[in-house]
Amino acid sequence: KRISTLEARLSKEGGCGECQTSCQSQCEQC
Amino acid sequence: MVHLFQNNGFYIALDANSGTVHDLDEVAYDIIGLYESTPKDEIIKLILAKYNDRDDVTAAEIEDVLTDIEALKKEGRLFSEDRFQAVAEKLSQRPPVIKALCLHVAHDCNLSCGYCFAGKGEYHGDRDLMSFATGKRALDFLIEHSGDRHNLEVDFFGGEPLMNFAVVKALTAYARSIEKQHHKNFRFTLTTNGVLIDDEVIDFCNREMSNVVLSIDGRKEVNDRFRKTRNGKGSYDLILPKFKRLIEARGHKDYYLRGTYTRYNTDFVRDILHLADLGFTELSMEPVIAGKGDPYALSGEDLPVLLEQYDLLGKEMNRRRKEGRPFTFYHYMIDLTHGPCIVKRVAGCGVGSEYMAVTPAGELYPCHQFVGEERFRLGNVFTGIENGKLRQEFKACNVYAHKECDACFARFFCSGGCVANAYHATGSLHGVYDYGCILHKKRLENAIMLKVAEARDRREKADPCE
């Protein structure tokens with residue numbers, strides 16, 4: 001096909017914040 | 001905003017505001033490139049002229065593609081609008097909580113790596129080890145400031161944390177003894193150069209550490225150029241067998257081999273593949289953090305080679321995956337079907353607000369890369385946060401704080417980049433480290449290419465006629 005869109009899902013207010021921090025230099029806690 | 005790019009023979013569109021990825025043929029690629037700037041009739045004319053030797057490219061076919069694009073646009077999967085600004089505004093209203101600490105249990109090291117940003121482990125200060133009392137106070141401080149967060153993270157860092165192994169063990173035991181009564185769950189990690197790994201360390205790490213980061217730069221001659229013992233001897237032969245034993249005992253998971261590349265090994269993919277060929281599968285290789293005058297610093301001249309290397313790595317990873325011997329590269333891990341929520345994508349790593357580094361004396365800094373810079377001292381675990389204004393400044397560091405990011409396709413994948421790198425490159429927390437951005441965008445393109453390649457393989461397997 002000329003365009004094949006990959007199955008993709010980019011949202012509670014303010015986020016729960018339980019996730020792991022991510023350092024540039026979905027986690028299991030989500 | 002749509003980012004169109006070609007990589008490893010694939011034509012790809014990333015819709016930056018929805019995160020949707022489209023695998024295209026070259027005709028659709030060209031049409032999408034013209035879509036927003038060119039009238040429909042003109043697009044048909046231009047495409048027919050370009051592909052006049054192709055029977056399959058007809059006006060009707062081009063109209064079909066335009067109809068598909070229109071449908072995807074309506075669904076919010078192509079040319080979608082940014083609707084997340086409000087997320088950033090709400091972030092500043094979040095109650096201030098701390099959920100992660102980087103414990104510098106040792107400002108000392110048994111290696112003397114020539115490029116160490118921490119000045120051979122001492123952070124440009126005196127050699128020092130964290131006492132149990134200071135570490136215990138740091139853990140109590142974390143619990144006191146964590147609000148209703150359940151998951152708390154503690155990184156044992158240095159210097160070389162295993163030079164203070166007794167305190168690492170005692171602090172871990174202390175945290176485990178109090179976590180239930182406070183309804184918390186501690187997650188520990190350790191970053192080590194490997195010199196002091198023995199059976200006791202291996203047992204301890206595999207019991208208590210959710211992840212271990214093991215520092216090695218790749219090929220022996222590359223590693224030993226900078227990663228030397230205090231006596232000037234290369235460390236490769238000393239650490240490699242220890243890393244192998246540790247990883248085998250961990251069941252080959254929950255670890256990272258992390259290397260640093262410099263201008264002396266801009267062919268760093270050879271180092272990654274060297275480690276992969278040794279049987280390690282969780283790999284990361286990072287550009288050196290250096291001052292402009294450092295002889296090993298990367299410069300603009302090196303960029304074309306580095307970008308080529310990242311493409312080469314993507315190609316090789318795709319090849320090895322198809323051959324059934326995949327490995328993971330830290331920056332090429334991306335989840336297109338879920339991934340982190342938009343709040344986390346906008347907020348970034350939480351440096352200086354949710355995440356802090358603690359020195360052996362208990363001083364608080366925004367993260368390990370700010371340690372020792374007096375202007376960034378936030379307080380002390382014994383006396384608390386003393387510089388609330390600075391903490392607020394860090395809290396405001398989100399992707400919308402960087403004006404340069406407004407037009408960037410990668411912004412919801414990098415969250416505005418590393419604040420420490422931005423500060424050290426531009427002098428502003430809200431600046432942008434251009435060099436890092438260029439590398440990050442290239443990594444993102446390769447990460448997406450690998451996902452497209454996997455998806456196409458799955459489709460072709462399901463329908464060989466496609």
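Below, chains carry the letters A, B, ... as their sequence lines are ordered, and counting in each starts from 1.
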Can you check side chain to side chain contact (heavy atoms under 4.5 Å, CB included) on B:Ile448 and A:Leu6, steps first, answer last?
-> CA-CA 10 Å; B:Ile448 289 171; A:Leu6 272 65; over 6 Å; no

With a 4.5 Å heavy-atom cut-off, do A:Ser4 and B:Arg459 have their side chains touching?
-> yes

Taking A:Gln29 for the side chain and B:Asn151 for the main chain, is one N or O donor matched with an acceptor at less than 3.5 Å?
-> no

Using a cut-off of under 4.5 Å on heavy-atom pairs, state which of B:His150, B:Met333, B:Arg149 scores highest against chain A.
-> B:Arg149

Please flag which part of B:Val351 lies under 4.5 Å from any non-hydrogen atom of chain A: side chain, backbone, both or neither.
-> neither

Measure the shortest side-chain to side-chain distance between A:Cys19 and B:Lys99 over non-hydrogen atoms and say whether it is less than 4.5 angstrom.
-> yes

Should the pair B:Asp56-A:Arg2 be classified as a salt bridge under the 4.0 Å nitrogen-to-oxygen rule?
-> yes

Does any heavy atom of chain A fall under 4.5 Å from the side chain of B:Glu354, the backbone, both, or neither of them?
-> neither

Identify which part of B:Ile31 has an atom lying under 4.5 Å from any heavy atom of chain A, answering side chain, backbone, both or neither.
-> neither

Distance col, row B:Asp335:CG vs A:Cys27:SG, nearest 0.5 angstrom, shows 11.5 Å

Quick one: what part of B:Asp148 sits under 4.5 Å from any heavy atom of chain A, side chain, backbone, both or neither?
-> backbone

Once you round to the nearest 0.5 Å, how far does OG1 of A:Thr5 lie from CG of B:Leu78?
-> 7.5 Å

